[in-house]
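What you see is a predicted model; the values in this text were computed from it and never measured. By convention in this document, chain letters (A, B, ...) are assigned in the order of the sequence lines, proteins followed by strands, and residues within each chain are numbered from 1. Atoms considered below: every heavy atom in the structure, side chains included; atoms not considered: hydrogens, waters and symmetry mates.
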Amino acid sequence: MDFSEKVLGLVKKIPKGKVTTYKKIAKKLNTNAYRAVGSALRCNDKPIIIPCHRVVNSDGAVGGYKGVKNSKEKIRLLKKEGIKIKSSKIENLKNHLVM
DNA sequence: AGTCGAGCGCGCA
DNA sequence: TGCGCGCTCGACT
């Protein structure tokens with residue numbers, strides 16, 4: 001569970017209005033298991049303290065949320081935080097990227 | 001551009 | 001032990 005814990009720990013630190021990618025997280029953990037990052041977030045039981053909606057794909061696609069791909073809920077949440085989203089893709093991704 | 005297959009770490013059967 | 005997953009990237013079409 002170390003892996004998952006680390007992932008959750010990092011995601012938890014993402015400030016409001018900012019996002020990061022699965023890839024960056026994996027890199028931070030010194031691994032190439034990008035999928036494992038998604039898995040960890042998917043299995044996370046505390047969406048309250050773990051804003052998994054702030055984690056997106058490297059190309060800006062929102063990915064998924066709560067086990068559902070392209071979750072409209074996730075998109076709306078991000079938009080609410082001031083992030084522009086066009087057709088399930090984040091615009092100016094670089095502008096919101098952290099880490 | 002769009003699609004396919006291969007690699008990673010963890011969880012579940 | 002084996003397979004799949006909220007992913008990514010290099011190769012092919």
Using a heavy-atom cut-off of 4.0 Å across all strands, would you classify A/Cys52 as base, sugar-phosphate, or nothing? base
Look at the side-chain heavy atoms of Ile, Leu, Val, Met, Phe, Trp and Tyr, link any pair under 4.5 Å apart, and say whether A/Val7 and A/Ile49 land in one connected group. yes
Categorize A/Gly63 for me: base, sugar-phosphate, or nothing, with a 4.0 angstrom heavy-atom threshold over every strand shown. nothing
Are side-chain heavy atoms of A/His96 and A/Leu78 found at a separation under 4.5 Å? no
A/Leu10 has an atom CG; how far is it from atom P of B/dG9, in whole Å? 17 Å
Check the distance between C/dC7's C1' and A/Phe3's CZ and give it to me in whole angstrom. 11 Å
From the list A/Asn70, A/Val55, A/Asn57, A/Ile83, side-chain contact (heavy atoms from CB on, under 4.5 Å) partner of A/Val62 resolves to A/Asn70
Grab the N/O contacts between the protein and nucleotides 2-5 of chain C below 3.5 Å, and write none if there aren't any.
from: C/dC5; atom 1: O2; to: A/Ser39; atom 2: OG; distance (Å): 2.6

A/Val55 near the nucleic acid: base, sugar-phosphate alone, or nothing, with a heavy-atom cut-off under 4.0 Å? base
Between atom CG of A/Asn92 and atom NZ of A/Lys94, what is the distance when rounded to the nearest 0.5 Å? 10.0 Å
For A/Arg54 and C/dG6, what is the distance between atoms CZ and C1' respectively, to the nearest whole Å? 17 Å
Only residue of A/Thr20, A/Asn44, A/Ile50, A/Val37 satisfying side-chain contact (heavy atoms from CB on, under 4.5 Å) with A/Val11 is A/Ile50
Report the distance from atom OG1 of A/Thr31 to atom NZ of A/Lys27, rounding to the nearest 0.5 Å. 10.0 Å
Summary of protein contacts for nucleotides 8-13 of chain C, nucleotide by nucleotide, where a base hit scores B, a sugar-phosphate-only hit scores S (4.0 Å, heavy atoms): SS----
How many Å lie between NZ on A/Lys72 and P on C/dG6, as a whole number? 16 Å
Distance in angstrom units between A/Leu78 CG and C/dG6 C1', rounded: 13 Å
May I have the step-by-step check of side chain to side chain contact (heavy atoms under 4.5 Å, CB included) for A/His53 and A/Lys66, ending in yes or no? CA-CA 9 Å; A/His53 62 274; A/Lys66 292 190 38 165; over 6 Å; no
Rounded to the Å, how far apart are A/Asn44 CG and B/dC10 C1'? 15 Å
With pairs taken as Watson-Crick or G-U wobble and both distances under 3.5 angstrom, which stems of at least three consecutive pairs involve DNA chain B? B:1-7 with C:7-13, B:9-13 with C:1-5
Would A/Leu10 end up clustered with A/Val98 when hydrophobic side chains under 4.5 Å apart are linked, directly or stepwise? yes
Would a single hydrophobic cluster contain both A/Ile14 and A/Phe3, if residues Ile, Leu, Val, Met, Phe, Trp and Tyr are joined by side-chain heavy-atom contacts under 4.5 Å? yes
For A/Leu41 and A/Tyr65: C-alpha separation, side-chain torsions, deciding distance, then whether side chain to side chain contact (heavy atoms under 4.5 Å, CB included) applies. CA-CA 9 Å; A/Leu41 287 177; A/Tyr65 185 56; over 6 Å; no
I'd like to know whether A/Lys79 forms a side chain to side chain contact (heavy atoms under 4.5 Å, CB included) with A/Ile75, so could you lay out the CA-CA distance, the side-chain angles of the two residues, the decisive distance to 0.1 Å, and finally the verdict. CA-CA 6 Å; A/Lys79 278 171 120 177; A/Ile75 296 175; 4.0 Å; yes
